[in-house]
Structure formats: C-alpha cells, structure tokens
Protein chains: 2
Amino acid sequence: MRREFKKKSKVLLIDDNYEHLAGIRELLNLEGTFDVVGIATNVSVGLNLIKKYQPDVVLLDMNMPERDGLQGILEISKLDVDTKVLALSGYDDADLIFRAMKIGAKGYVLKTMASAQLIYAIEEVLNGKIYLPLALSSRFFEYFQQTFREETAAKETAEEEENLLNYLTQREEEVLELLTQGITYKGVANKLFISETTVKTHVNNIFQKLQVNDRTQAVLYAINNGFLTKKVKIAV
Amino acid sequence: MRREFKKKSKVLLIDDNYEHLAGIRELLNLEGTFDVVGIATNVSVGLNLIKKYQPDVVLLDMNMPERDGLQGILEISKLDVDTKVLALSGYDDADLIFRAMKIGAKGYVLKTMASAQLIYAIEEVLNGKIYLPLALSSRFFEYFQQTFREETAAKETAEEEENLLNYLTQREEEVLELLTQGITYKGVANKLFISETTVKTHVNNIFQKLQVNDRTQAVLYAINNGFLTKKVKIAV
DNA sequence: TCCTATATAGACCATATGGTTTATATCTTT
DNA sequence: AAAGATATAAACCATATGGTCTATATAGGA
C-alpha cells in the first residue's frame with residue numbers, strides 16, 4: 001500500500017525533554033507520512049492539544065515528573081477521543097511496561113531504539129495493532145507470568161486445604177448466608193420463618209463445624225473460603 | 001553459536017493426533033539438534049514420560065479431550081522438573097492463549113505454522129525466552145487489555161463513590177483492623193494497651209462513621225471497601 | 001424396623017455487644 | 001487563648017450473642 005495516496009496520520013508528542021521532542025518531530029517530518037500536529041512538555045498541555053487536534057496517535061513519555069506517564073495514559077483514555085497511545089521510555093522496566101500495557105497503551109518503545117523501528121512501531125499502532133519490541137515483550141511476559149504464578153499458587157493451596165464449609169447442611173448454609181449480610185438472629189428467624197432459638201441452634205452448629213466461636217469469625221471464614229464469590233452486600 | 005557442539009535438547013511431544021505427533025517427530029529428527037525422547041497421545045502418559053526423561057521442552061497440544069491442555073500445563077508445572085511448555089494449537093483463540101500464558105506456557109504456536117517457525121519457537125523457548133508469533137501476540141494483548149479495562153472501570157466507580165472509611169481516625173482504623181480479624185473487645189484492649197471501655201468508644205464511633213450498627217456489618221463494610229487488600233486472616 | 005442426619009425449638013445462664021452520656025488530657029489550628 | 005479533633009475512660013443499661021443440654025418430628029439408609 002503506497003502511503004502517498006493516503007491522508008497523513010496525525011501524531012502528537014508529549015515528552016518533558018524538549019531536545020528529544022524536537023528530534024522526533026524532525027524525524028517524523030522527514031518521513032513524510034506523518035503530520036505532527038502538536039508537541040507538549042507535560043501531560044496537562046498535551047491533554048488540551050489532544051482534545052483540540054484529535055491525533056491518531058500520541059507518543060507519550062513515561063518518565064516525567066508530576067503527572068507521570070501512566071496517569072497520562074489513563075487520562076487520555078478518559079477523553080473520549082479515538083487516540084492511541086504509544087508509550088516512550090528510557091528504561092525497559094518490566095513493571096512499568098506491564099502497567100502501561102495493562103491500562104491500554106498500544107505499544108511501548110525505548111528511546112534508544114533506531115528511528116526506523118520507531119516509525120515501524122507508529123505504523124503498526126496506527127493499523128490497530130499492538131507493538132512491543134521482542135526484548136520488551138519478553139520482559140512483559142516474565143512479569144505477567146510471575147504476577148499470576150503467585151495468584152495461582154495461592155489458589156492451589158486454598159483449594160487443597162480442607163474446606164469446612166462443605167460440612168454444612170443446606171439449612172446451615174442458608175443461615176450462614178444471612179449472617180454474612182450482617183443480619184441479626186431475629187432477622188434470620190423472620191426471613192426463614194423459624195424461631196430465633198432454632199437459628200441459634202443452627203448457628204451453634206455452624207460454629208462447631210467451622211471451628212470458630214463467633215459470627216464475625218464465621219463470616220470471615222465464609223468469605224475467605226469462597227462461600228460467596230460475588231461481592232458481599234450489607235443488608236441495611 | 002554452532003549447535004553441533006552442544007548436547008541435543010530433549011523434546012517431548014503430547015498430542016492426541018498421532019499423525020501430527022509422528023510428523024513433528026520426523027521434522028525434529030531431521031533438524032538434528034533435537035532429541036525426541038518421547039511421544040504421548042494424552043496428558044497422563046505424557047506426565048509419566050516427563051518424570052522419566054525430564055525433557056527440556058514439551059510441545060503440548062491444547063485441544064485434547066478429557067484432561068485438556070491447560071490442565072496439562074498446570075500439572076507439568078506441579079512436577080518439580082525444569083521442563084518448559086510450548087503450547088500447540090489449531091486455533092488462535094485469544095482466551096485460550098491468554099490462559100495458557102497466564103499459567104506459565106513459555107510459548108504458543110499454531111499447527112498451521114511453517115516448520116521453520118516451529119523450530120525457531122522451540123529454540124527460543126530453550127534459550128529461556130518467551131515465544132509468541134506476532135499475530136498471536138496481538139490477540140493476546142487485545143484480550144489482556146480488555147480484561148483489565150473492565151477491572152479498571154470497576155475500580156474507578158468504586159473509588160468515585162464516597163468511602164466512609166476515609167473518615168476514620170488512625171486509632172479507629174487500628175481497632176477496625178483488629179475487628180476484621182474476629183478479635184473480641186477484650187482482645188483488642190489487650191493488643192492496643194487500652195481499656196475495654198475505650199475500645200467500645202472507638203467501636204461506637206466507627207459504627208457511627210460507617211453507618212452500621214454491629215461489628216459484622218462494620219467488618220463487611222471494611223472488606224467491601226478495600227480496607228484490606230490482602231486476604232483477611234482469622235485470628236484464632 | 002432401627003439408626004442416623006437433619007430441622008425444629010425450648011430452658012437456662014454467662015458474657016459480649018451496643019447505646020448513651022459524661023469527663024479528662026493532649027495536640028493542633030486559628 | 002480558645003476551639004476542635006482525638007484518644008482515653010467510666011457508669012449504666014438493654015439486648016444480642018454464645019454455650020450447653022434436652023427434646024421432638026421427619027426423612028432416608030442400612
């Protein structure tokens with residue numbers, strides 16, 4: 001596909017280093033397929049320019065003081081413009097890459113990269129793709145897997161150790177569920193159409209089975225052991 | 001680096017399609033730098049072979065009946081061998097790719113890929129890298145970002161609505177934290193070196209501020225509003 | 001049919017919890 | 001210096017909660 005026949009893509013640059021900013025602008029202008037519609041040395045100004053020019057892509061420096069790059073990505077995505085963010089950074093910090101991608105950056109390039117690579121990255125992003133250099137991609141995945149390894153391990157142990165909730169009868173589960181909503185004995189009795197003393201009996205049995213000795217602990221045990229996966233609501 | 005001088009890498013294949021299995025074995029044998037130490041048409045057998053031969057890498061088909069590929073990855077990682085898993089699949093299912101990588105696959109290749117690519121993928125994985133073809137990498141990131149977009153959005157709304165926890169004083173927070181561990185007033189008093197009545201005063205103030213009327217509801221409010229991000233432990 | 005698990009419910013009692021009010025002592029801020 | 005927020009603590013009281021024991025009805029399994 002020959003670029004000459006296409007409308008130039010609008011690019012906006014945000015970087016607190018003016019030298020760098022000017023350098024990239026020069027590079028992109030020379031390339032000829034891009035139209036640098038604006039440059040900014042901080043996120044606030046950048047946001048205004050984005051609103052004004054609605055660029056196709058923003059090259060956003062990650063390592064800026066005050067309102068930093070990550071925050072910038074979030075705020076750009078909050079603007080309802082169809083602008084893609086390509087993160088720029090001096091360092092291949094795995095955590096930073098991970099977080100940037102997590103909140104929606106379409107790519108991440110290092111400032112040390114060759115200009116041709118940068119051009120390529122911008123084009124990929126413009127074409128709706130994600131661009132991560134191989135090296136960064138590796139770091140990303142390492143970090144990604146590490147993050148989830150812990151999670152998986154925790155889940156494993158949780159699943160392996162005996163879940164005392166399994167010993168509860170159906171009725172006891174109903175009672176416990178109401179307890180996890182902060183309802184009083186009298187309230188439970190009303191809801192289940194049984195007497196308060198019956199509720200107490202059930203509750204005592206629950207305590208026995210869960211090996212706890214008050215409702216708070218029972219509720220905590222229930223929550224920690226997947227009794228309710230959905231968010232627990234407080235009954236008012 | 002010339003491969004001829006290195007020890008051949010041990011490879012193991014698991015795929016329920018025997019034709020395919022044989023094909024890959026042939027390919028790898030021809031290549032000459034790999035030693036296919038075993039093949040299996042199901043995960044159970046594969047696991048035993050892995051224990052026996054401790055291969056450097058396992059090519060694991062994702063689309064198998066019964067014990068499927070994902071489960072296979074998990075079980076291989078549970079064996080404490082230093083075997084890397086390269087996932088094989090007929091489809092570029094974003095969800096499947098995401099999950100496979102999440103639980104520790106070192107790479108993901110499509111069965112339709114050229115043999116040279118497969119060889120390259122195996123070598124990359126053997127060198128401790130992650131290998132994802134560009135196309136799959138894109139799908140992965142799309143899925144990844146989508147997954148977190150929802151999460152971020154949910155967090156945003158949660159943060160925007162007023163969090164009554166912010167009104168608590170430091171001391172009240174300490175007390176509440178102990179309450180969320182199912183500790184009694186007397187216990188809290190002991191831990192904080194204050195009298196039980198003081199604890200009661202704090203607790204009452206907490207109730208006022210959180211607009212609840214008993215400890216269970218206070219604890220539930222705390223948990224639901226990010227008072228403790230880490231897993232809440234029950235003090236026994 | 002007998003036994004066991006389950007759901008129901010009462011009595012009795014000790015203690016924990018929650019509501020309210022009042023009172024100091026600090027410390028910070030105006 | 002005065003005002004406000006915070007941490008401390010006591011007195012008093014009503015009620016909720018938890019512990020233990022006993023008892024009945026019913027359903028399902030051995």
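Side chains are part of it too, since the values below use all heavy atoms of this structure and drop only hydrogens, waters and symmetry mates. Letters go in sequence order (proteins before strands), and every chain restarts at 1. All of these numbers come straight from a predicted model, not from anything done at the bench.
Put simply, CZ on Arg215(B) is 13 Å from P on dG19(C), counting in whole angstrom units. Asn213(B) has its CG atom 21 Å from the P atom of dA16(C), to the nearest Å. Rounded to a whole Å, the CG atom of Asp214(B) is 9 Å from the C1' atom of dT17(C). In this structure, OH of Tyr185(B) is placed 18 Å from P of dT15(C), rounded to the nearest angstrom. Taking atom NZ of Lys191(B) as the reference point, atom C1' of dA7(D) lies 21 Å away to the nearest angstrom. Rounded to an integer number of Å, the gap from Gln170(B) CD to dA5(D) C1' is 14 Å. A straight line from CD of Glu174(A) to C1' of dA7(C) spans 11 Å, rounded to a whole angstrom. Atom CZ in Arg171(A) sits about 15 Å away from atom C1' in dA27(D), given to the nearest Å.
Residue Thr169(A) has its side chain nearest to dA7(C) when only dG18(C), dA10(D), dA7(C) are considered. In the set dG18(C), dG18(D), dT17(D), the nucleotide with an atom closest to the side chain of Phe207(A) is dG18(D). The listed nucleotides are dA16(C), dG18(C), dT6(C); the one nearest the side chain of Lys186(B) is dA16(C).
Here the two rings, on Phe141(A) and Phe140(B), have centers that are under 6.0 Å apart. Close placement of the Phe98(A) and Phe144(B) rings is indicated, their centers lying within 6.0 Å of each other.
Electrostatic pairing of Lys111(A) and Asp61(A) counts as a salt bridge here, judged by a charged N lying under 4.0 Å from a carboxylate O. A salt bridge does not link Lys78(A) with Glu75(A): every distance from a Lys NZ or Arg NE/NH1/NH2 to an Asp or Glu carboxylate oxygen is 4.0 Å or more. A salt bridge does not link Asp56(A) with Lys10(A): none of the charged nitrogens is closer than 4.0 Å to a carboxylate oxygen. A salt bridge between Glu142(A) and Arg139(A) is absent, with no side-chain N of the basic residue lying under 4.0 Å from a carboxylate O of the acidic one.
Residue Asp95(B) qualifies as enclosed at atom CG: its count of foreign heavy atoms under 6.0 Å is above 12.
Listed in residue order, the members of residues 196-206 of chain A having a heavy atom less than 4.0 Å from DNA chain C are Thr197(A), Thr198(A), Lys200(A), Thr201(A), His202(A).
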